[in-house]
Trainee: 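Dropping a structure here in structure tokens format, bear with me for questions.
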Amino acid sequence: MTRNREPFASLILYHAFKWSVVSPVLNIYLRGHIHGAEHVPMDGPLVVVSNHASDFDPPIVSNCVRRPVAFMAKEELFRVPGLKQAIQLYGAYPVKRGAADRSAIRAAIECLSQGWAVGVFLQGTRTPDGRIPEPKLGAALIAAKVNAPLLPVSLWGTHTIFPKGSPIPRPVPVTVRIGQPIDPPASTKRPDLAVVTQKCQAAIHALHDLGR
């Protein structure tokens, strides 16, 4: 890695958006509880792994780990005026459909080289209850390639923010729990990646089971 922290301009934008929008929504409207923030390494490359049940999850995760976190987003979103600038503000990088694994890993490694932390949803897609039945190996592969620790994060309650058919978010309670960092895999071989991925899955589920 060539940098220990995120670009200064990104930090300014991150904190402006965090304190003006994300933090008030999380702490007031969603009555957010955050546990384990002291576990977050504040310097160096970091792969943040979490469950995923809502479009609110990326900014909530970035807000709670106290440093900008770059997440992947569908390439189509970067073609929408206004939305492109908004998601880039929070470190999103485009990923093409059909080639997500390869392009996402390259883009994530590039973000890490620029000093960002990188966020990866362990399931890859949203699940209806916040559980992770089929974790993917991508986060462990990224961590192995750059020798970065993985930080497990559990999001509890975000799956109820937008019930089916609702046009506005509900003021439901949300709890974020951050676990102890997990060492990266010893190699990029599939068995090593699988072992660490299972550790991340187990850590997130254990945090999630603590509930509110």
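Numbers here simply count residues along the sequence, with the first being 1.
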Trainee: I'd like to check the side chain to side chain donor-acceptor pair (under 3.5 Å) partners of N147; sequence neighbours left out, ordered by chain and number.
Mentor: none
Trainee: Only counting residues at least two apart or in another chain, list the ones meeting side chain to side chain donor-acceptor pair (under 3.5 Å) with T197.
Mentor: none
Trainee: Could you list all the salt bridge (Lys or Arg N to Asp or Glu O under 4.0 Å) pairs where at least one residue sits in residues 115-126, not counting sequence neighbours?
Mentor: D55-R126
Trainee: Once side chain to side chain donor-acceptor pair (under 3.5 Å) is applied, do any residues pair with D57, and if so which ones, sequence neighbours excluded?
Mentor: H52, T158
Trainee: Can you name the side-chain contact (heavy atoms from CB on, under 4.5 Å) partners of R212, sequence neighbours left out?
Mentor: R31, H33, W156, P173, T175
Trainee: Listed by chain and number, what are the side chain to side chain donor-acceptor pair (under 3.5 Å) partners of R170, not counting sequence neighbours?
Mentor: none
Trainee: Parallel, tilted or perpendicular for F56 and F162, by the 30°/60° rule?
Mentor: tilted
Trainee: Please list all pairs passing the salt bridge (Lys or Arg N to Asp or Glu O under 4.0 Å) test where one or both residues lie in residues 142-154, with sequence neighbours left out.
Mentor: none
Trainee: Partners of D209 by salt bridge (Lys or Arg N to Asp or Glu O under 4.0 Å), sequence neighbours excluded?
Mentor: R131
Trainee: Would you mind listing every ring pair (Phe, Tyr, Trp, His ring centres under 6.0 Å) that reaches into residues 168-207, with sequence neighbours excluded?
Mentor: none
Trainee: For residues 178-192, which residue pairs pass the side chain to side chain donor-acceptor pair (under 3.5 Å) check, not counting sequence neighbours?
Mentor: H39-Q180, S187-D192
Trainee: Residues two or more places apart in sequence or in another chain: which of them pass side-chain contact (heavy atoms from CB on, under 4.5 Å) with P133?
Mentor: Q123, T127
Trainee: Taking all non-hydrogen atoms of both residues, which atom of A143 and which atom of P185 are closest, and how far apart?
Mentor: CB-CD, 4.2 Å
Trainee: Is there any ring pair (Phe, Tyr, Trp, His ring centres under 6.0 Å) pair reaching into residues 167-197, and which pairs are they, with sequence neighbours excluded?
Mentor: none
